[in-house]
Amino acid sequence: MSKIVVVTSGKGGVGKTTTSASFAAGLALKGFKTVVIDFDVGLRNLDLIMGCERRVVYDFINVIHQEANLNQALIKDKQCEGLYVLAASQTRDKDALSEEGVERVLNDLAGMGFDYIVCDSPAGIEAGALMAMHYADEALVVTNPEVSSVRDSDRILGMLSSKTRRAIEGREAIKEHLLITRYNPNRVQEGQMLSLQDIQDILRIPLIGVIPESETVLQASNQGLPAVHMQGTEVSEAYKDVIERFLGQERPLRFVDAQKPSLLKRLFGR
Amino acid sequence: MSFELKSTHWPLLALALRSADTQRLMQDWQQRYGDAAGFFDQDALLLDFSALSDSEPALADLSALLALLRAAHLQPVAYRGGSAAVRQQAAAAGLARADDALDAVQALTASATSTTLEPTPSTPTPAPERLAVGALLIDRPLRSGQQVYARGRDLIVTAMVNPGAEVVADGHIHIYAPLRGKAIAGARGDENACIFATCLEAELLSIAGTYRTSEVPLPPEVRSKAARVRLQRHNDAERLLIEAIA
């Protein structure tokens, strides 16, 4: 029975696609057959972040409209065994999505034996975002430590508990996880950014992890590599912790304390 | 038996007429509620003629007044008080006689001192029930963008009300958690409605139309503390009084 996990936020640019890519890759590295789907029709990015933009022939919309089947549209990842990408259309827009079409594709994917189906949601609260969350079993709510992101995440949480199939049919609620991204402990200490506790006080959902602000993310996307593959970096380690916690393991929170730069660093800058 | 007839209670809106001049009534209504499309939602209405003279002749244009009220999505269903001519006119217009309709405050006092109303022989004796309807109880947090409206009753919320959320009630509002959104009590004019919160940090507080935003910060004795908000009349002006709950 496959689990559908939506990566959503409300606010744009907080790290949904970065997270979807690393989360899906991380699960595949653990041996789970995983597919990651881009729901941002018309503004697709997932294929770029996954490094498979040159191999997109058929996309999610083609499959929904039965112009192609899943075997033709699914792109096998080159880094990870068991990881597949279903890209969005670049020429259409969100009106090309339909509830029945999305449901059929998700059921077909479950039938193909996928353990996890990760849905990369677009920003906003329109059809694309609603469609991405509609069939979810679990949700990663990606939030930056900044007021507008927290407000938007709160709105999205409201929608997860009222506009999804589980909510409408009165079934068990979607399991919500808070993922804080672009966290900079030094700026938190200086009072420029919201702290973990501030964010949790407003959103009040379990924290699954904190991804520190890092130049690694940009390097990774330029290379078309999910950040989790950048071995030894803080971002990679933080995403690996998230995967472990998602799978039920305990991991202490890392990269959340302000570092006092060493004497050398302070003398010579950076 | 295929049906059962029993006594039931339901709060009504009452329109107390202070003038018999229907033209003026309609003009004043337009001025006050003309722009508020969708304010009423097929609410049942009682026309209260008690303030008019005992010898008042039939009203000049009652049917036009009723039509205006219906156009505003109110449903005139009953009347009380008025001279014989006015009462006859109202009955002819299809309104039910509701002379023992009590105002909400009177009703509670009556039941407290346990005076019983003489039931008219044709109606079944009402069972002794609470007059006020129970509060609407919400146990889940209200997130940004969500709204709750407790129509005709009080509202109790036991989880946080986040910034961007709105809680509205015709009666009192009680929040047993941080109140950070908008709270609007006495939404249809009840000036006795209050707002209670265990942690008051509201964006906006309103009672019967008198409101206060968070632009002027709450005083430290009540900010983020257990507090009660009520409407106070002070030299003909109304203002919100916010007090800490000990």
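Side chains are part of it too, since the values below use all heavy atoms of this structure and drop only hydrogens, waters and symmetry mates. Order of the sequence lines fixes the chain letters, A, B, ..., with proteins taken first and strands second; residue numbering starts at 1 for each chain.
The pair B/Arg180-A/Asp201 meets the salt-bridge criterion, since a charged nitrogen lies less than 4.0 angstrom from a carboxylate oxygen.
The distance from atom OG of A/Ser161 to atom CG of B/Leu142, rounded to the nearest 0.5 Å, is 9.5 Å. Expressed to the nearest 0.5 Å, how far CG of A/Asp152 lies from OG of B/Ser144 amounts to 7.5 Å.
Nearest approach of B/Asn162 to A/Ile202, heavy atoms of both residues: ND2-O, 3.1 Å.
The environment of A/Lys240 atom NZ is dense: over 12 non-hydrogen atoms of other residues, nucleotides or ligands sit within 6.0 angstrom. Under a cut-off of 6.0 angstrom, the local environment of NZ in A/Lys163 is sparse, with at most 12 non-hydrogen atoms contributed by other residues, nucleotides or ligands. The number of heavy atoms from other shown groups lying within 6.0 Å of CD (A/Glu172) does not exceed 12. The number of heavy atoms from other shown groups lying within 6.0 Å of CD (B/Glu215) does not exceed 12. Around atom CZ of A/Arg182, no more than 12 heavy atoms belonging to other residues, nucleotides or ligands sit under 6.0 Å away. Heavy atoms of other residues, nucleotides or ligands lying less than 6.0 angstrom from CD of B/Gln31 number 12 at most.
Here the side chains of B/Pro141 and A/Arg204 are not in contact, with every heavy-atom distance at 4.5 Å or above. Between B/Arg140 and A/Ser162 there is no side-chain heavy-atom pair separated by less than 4.5 Å.
Judged by distance alone, the side chain of B/Arg143 and the main-chain N or O of A/Leu203 form a donor-acceptor pair under 3.5 Å.
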